Amino acid sequence: MKRYFTTPIYYASGAPHLGHAYTTLVADAYRRHRALLGDDVMLVTGADEHGQKIERAALAAGMRPRDFVDARSAAFEQLWHDLGIGVDRFERTTGAAHIAFARRFWLRLAARGDIYAGEYAGRYCIECEQYFTESEVCPVHGRPLESFREPSYFFRLSRYRQALIRHIETHDDFILPTARRNEVLTFLRANALRDLSISRVSTRWGIPVPGDPAHVMYVWIDALASYLSVLAPDGDAGDDDAVIETWWNGATHFIGKDILTFHAIYWPALLMSAGLALPRSLVVNGWLTAFGRKIAKSEPETIIDPRALTARVGRDGLRWYLLRRVSLGQDVDFSDEDLVQTVNSDLANNLGNLFSRFTVLAARRLGAEWPCSPTAESAAVEIRETISRTGQTINAGFDAGNPAISARAFLESGAAINAFFQQQAPWQIADEVRLRAVLGEVYHGLCDLSVMGLPFVPDAMTRARTALGLDNDAAWEEIGRRHAVARVREAGPLFPRIAAG
Ligand code: MSP
């Protein structure tokens with residue numbers, strides 16, 4: 001099966017921070033998990049490079065918008081590389097292929113009769129790139145809104161209310177977690193939808209509207225189209241539908257709750273109008289906060305540089321912390337202390353400790369290779385069952401849009417193997433046949449963990465696999481497989497303990 005995963009394309013207006021890293025790491029964990037299950041996977045992220053917000057940020061930096069976005073998006077791309085995220089394509093909205101596609105997309109809506117010219121008068125938050133009609137200040141940033149009155153093209157969003165309600169009602173997994181789905185449904189049932197203003201004349205930094213270059217497309221239309229443009233053929237000639245279809249069915253968008261309306265209401269309505277299928281799921285994360293406030297560029301005190309954290313706890317440490325601590329949909333207040341404590345207690349003390357005790361003992365007592373056959377002892381059978389259940393829980397956690405459940409199941413499995421190791425006290429076993437049987441169970445348990453842990457701690461699990469004599473083409477179907485011979489090498493610590501403070 002083909003599985004297409006996207007993150008939001010992040011505004012190329014500032015430096016990437018921990019909030020961006022979180023959504024991207026969640027998406028990457030899904031990508032890795034589905035790849036292990038044998039799916040063809042693609043993860044797309046990118047940069048949102050048009051609009052007034054970017055134009056102003058460039059001006060403030062004394063740069064031409066083009067040079068400004070080149071530098072900003074390079075910083076995002078570099079960070080994803082440094083965090084070990086498997087980005088298959090990085091889409092920039094200033095790219096020629098994207099621009100050509102966005103214009104074709106517009107023409108599809110127009111052909112449906114869903115675009116008309118009018119005038120927009122209202123208050124706008126440039127930071128959000130969004131109109132807020134009901135208040136004087138931005139509900140997100142708390143700053144005064146700017147008033148605009150200008151000619152604008154509109155999209156007939158109002159037409160799609162019933163169809164949206166029907167789609168969400170009949171597709172339980174369309175918005176995860178369920179609380180977010182209910183929120184959108186409640187809103188749609190209680191409110192009429194106003195048509196959406198989809199062009200601007202007050203900025204030149206955007207994609208010209210086909211047939212009316214005095215207007216540029218509203219930056220959100222431009223940005224949402226990136227989920228498709230990245231799949232579409234280059235240039236104007238290709239057959240969009242055929243190319244898009246190969247990946248688009250079964251698409252999952254990972255987003256933060258701040259951009260839910262754009263993805264749960266505007267985007268599906270635009271797709272319906274264009275005659276395209278809707279994505280399979282929106283997986284909506286809550287906010288990471290610092291000192292109780294949303295981590296955001298507009299709040300400099302909240303900005304946490306992911307690199308400063310990886311320097312301290314490693315990329316696996318940061319990834320683990322975010323995936324395990326943050327239950328999808330919930331807000332979590334980040335603290336350095338919590339990070340260090342989680343990494344030490346889960347990874348260094350639990351998994352890391354088990355792994356090094358096992359490899360040292362096995363290499364010392366049994367050498368680099370030894371035959372191992374399964375024992376019928378109840379403790380061993382239990383451990384195998386626990387591990388097989390863990391595999392299922394991990395899958396279920398991902399399917400439910402909550403990889404924190406999966407991460408915890410992985411951790412508990414490690415704890416169960418640890419308990420088995422302690423209980424069997426192999427360091428006291430003199431009989432070599434029995435020792436092989438006991439260490440053989442631990443060996444197999446660790447082999448299974450080295451597959452299941454790849455979405456959460458890929459660097460360590462890759463090293464563990466080498467130490468366990470496994471190749472790096474891990475697959476989910478290895479779980480539970482018995483090896484006639486165990487190959488064990490002593491390896492350095494998988495997770496060094498992090499000093500506090
Ligand atoms: N450019 C738009 C998205 C267009 S998608 C077609 C945008 N960009 S953004 O740079 O502001 O990124 C927003 C996304 O970053 C959020 O939806 C979320 O995925 C992630 N996060 C940004 N700050 C975050 C937190 N403090 N906590 C969790 N996620 C955060 O909106």
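As the structure lists them, so they are numbered: ligands from 1, and atoms in each ligand from 1. Note that the structure is a prediction, hence the values are computed from the model and not measured. The basis for the numbers below is simple: all heavy atoms, side chains too, and nothing from hydrogens, waters or symmetry mates. Here, residue 1 is the first one in the sequence, and each next residue gets the next number.
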Checklist entry - Between Arg293 and Thr302, is any side-chain donor less than 3.5 angstrom from a side-chain acceptor? => result no

Checklist entry - Considering only heavy atoms of His20, which atoms of ligand 1 have at least one such atom less than 4.0 Å away? => result 10 (O), 12 (O), 15 (O), 22 (C)

Checklist entry - Are any of the N or O atoms of Pro8 closer than 3.5 Å to those of ligand 1? => result no

Checklist entry - Considering only the protein, which heavy-atom contact is closest to atom 9 (S) of ligand 1, and what is its distance? => result Tyr11 CD1, 3.7 Å

Checklist outcome for this item: ligand 1 atoms nearer than 4.0 angstrom to some heavy atom of Gly256 are 16 (C), 17 (O), 18 (C), 19 (O)

Checklist outcome for this item: heavy-atom search around atom 1 (N) of ligand 1 in the protein gives Asp48 OD2, 2.7 Å

Checklist entry - Should Ile9 be counted as touching ligand 1, given the test is an N or O pair under 3.5 Å? => result yes

Item to check | Proximal ligand 1 atoms for Ala223, defined as those under 4.0 Å from one of its heavy atoms | outcome: 6 (C)

Checklist entry - Side-chain donor-acceptor pair under 3.5 Å between Ser229 and Glu91, yes or no? => result yes

Checklist outcome for this item: Check: of Asn285, Asp258, Leu322, min heavy-atom distance to atom 17 (O) of ligand 1 comes from Asp258

Checklist entry - Which protein heavy atom lies closest to atom 22 (C) of ligand 1, and at what distance to 0.1 Å? => result His17 CE1, 3.8 Å

Next on the checklist: Please list, in number order, the atoms of ligand 1 under 4.0 Å from a heavy atom of Ile259.
Outcome noted: 17 (O), 31 (O)

Item to check | Heavy-atom proximity to atom 20 (C) of ligand 1, best of Leu260, Thr7, Thr23 | outcome: Thr23

